Amino acid sequence: QVQLVESGGGLVQAGGSLRLSCAASGRTFSPYIVGWFRQAPGKEREFIAAMRWSAGITYSTDSVKGRFTISRDNAKNTVYLQMNSLKPEDTAVYYCAAAYGTIQPMGVPGGYDYWGQGTQVTVSS
């Protein structure tokens with residue numbers, strides 16, 4: 001089993017920045033892919049970014065390219081999501097997730113094996 005715990009959410013003004021963390025514990029953390037998703041009230045869970053863990057290759061959705069960056073600290077078994085130039089429409093609960101098998105496409109929530117509890121991000125205008 002893998003436990004994922006997100007932190008770093010909060011309230012920020014538009015144009016501001018936040019860095020979310022996702023700390024993994026439990027079995028040896030060596031997933032195939034780690035992803036970040038978000039879900040706003042009344043909307044479906046949306047893919048934001050992902051990283052192929054061993055290769056460090058990253059992917060992100062067009063709506064956050066140039067603003068959000070996924071990164072990792074292998075020694076700490078932690079994945080980060082640096083969010084800059086935040087907009088009110090970025091308001092959502094943000095989740096990290098890990099997949100141990102090959103998944104395609106990586107933007108589909110059902111392909112992930114483990115999920116964190118989520119952290120709220122609120123961007124005021």
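It should be emphasised that the depicted structure is a prediction, and the values quoted were computed from it without experimental measurement.
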Student: If you look only at distance, which donor and acceptor atoms sit under 3.5 Å apart when one is on a side chain in residues 8-22 and the other is two or more places apart or in another chain?
Tutor:
| unit_1 | atom_1 | unit_2 | atom_2 | d |
| --- | --- | --- | --- | --- |
| S17 | OG | N84 | OD1 | 2.9 |

Student: Does R52 reach the main-chain N or O of I33 with its side chain, forming a donor-acceptor pair under 3.5 Å?
Tutor: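 No, R52 side chain to I33 backbone: no donor-acceptor pair under 3.5 Å.
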Student: Looking at K76, I want to see if its NZ is surrounded by more than 12 non-hydrogen atoms of other residues, nucleotides or ligands under 6.0 Å.
Tutor: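 It does not: K76 NZ has 12 such atoms or fewer within range.
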Student: Please check if the side chain of E6 supplies one atom and the backbone of G118 the other of a donor-acceptor pair under 3.5 Å.
Tutor: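 Such a contact is found between E6 side chain and G118 backbone.
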Student: With under 30° as parallel and over 60° as perpendicular, where do the rings of F29 and Y100 fit, or are they tilted in between?
Tutor: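 The rings of F29 and Y100 stand perpendicular, inter-plane angle above 60°.
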Student: Taking the side chain as every heavy atom from C-beta outward, state whether I70 and V79 have any atom pair closer than 4.5 Å.
Tutor: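 They are in contact (side-chain heavy atoms under 4.5 Å apart), so the answer is yes.
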Student: Determine the minimum heavy-atom distance between V121 and M83, stating which atoms define it.
Tutor: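 Looking at all heavy atoms of both residues, the shortest contact is CG2-CE, 3.9 Å.
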Student: Does T61 offer a backbone N or O that forms a donor-acceptor pair with the side chain of S63 under 3.5 Å?
Tutor: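 Checked: no pair found.
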Student: Between T91 (side chain only) and V123 (backbone N and O only), is there a donor and an acceptor less than 3.5 Å apart?
Tutor: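 Yes, T91 side chain to V123 backbone: donor-acceptor pair under 3.5 Å.
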Student: Apply side chain to side chain contact (heavy atoms under 4.5 Å, CB included) to L86 and F68, showing your working.
Tutor: CA-CA 9 Å; L86 283 162; F68 292 10; 3.8 Å; yes
Student: Quick one: side chain to side chain donor-acceptor pair (under 3.5 Å) pairs with a partner in residues 35-44, sequence neighbours left out?
Tutor: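 Listed once each, the pairs are R38-E46, R38-D90, R38-Y94, Q39-R45.
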Student: Considering non-hydrogen atoms only, spot the tightest contact between A50 and M106 and give its length.
Tutor: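 Distance-wise, the nearest heavy atoms are CB-SD, 3.5 Å.
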Student: Please report the interatomic distance CD1(I48) to CZ(R67), rounded to the nearest 0.5 Å.
Tutor: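 Answer for the CD1-CZ pair, I48 versus R67, is 9.5 Å.
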Student: Given side chain to side chain contact (heavy atoms under 4.5 Å, CB included), test Y95 with Q117 step by step and report yes or no.
Tutor: CA-CA 7 Å; Y95 299 90; Q117 82 289 349; over 6 Å; no
Student: Using the rule that two of Ile, Leu, Val, Met, Phe, Trp, Tyr join whenever any of their side-chain heavy atoms come within less than 4.5 Å, decide whether V2 and Y80 are in one cluster.
Tutor: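 No, V2 does not connect to Y80 through the hydrophobic network.
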Student: To the nearest 0.5 angstrom, please state how far the CD atom of Q1 sits from the CG atom of D113.
Tutor: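 Separation between the atoms: 10.0 Å.
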Student: Would you call Y112 and P31 a side-chain contact if the rule is heavy atoms closer than 4.5 Å?
Tutor: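 Y112 vs P31: side chains apart.
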Student: Hey, what do you get for CZ (F47) to CZ (F37), rounding to the nearest 0.5 Å?
Tutor: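 These two atoms lie 6.0 Å from each other.
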Student: Does the side chain of M51 reach to within under 4.5 Å of the side chain of I57, using non-hydrogen atoms?
Tutor: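 A side-chain contact is absent here, since even the closest heavy-atom pair is not under 4.5 Å.
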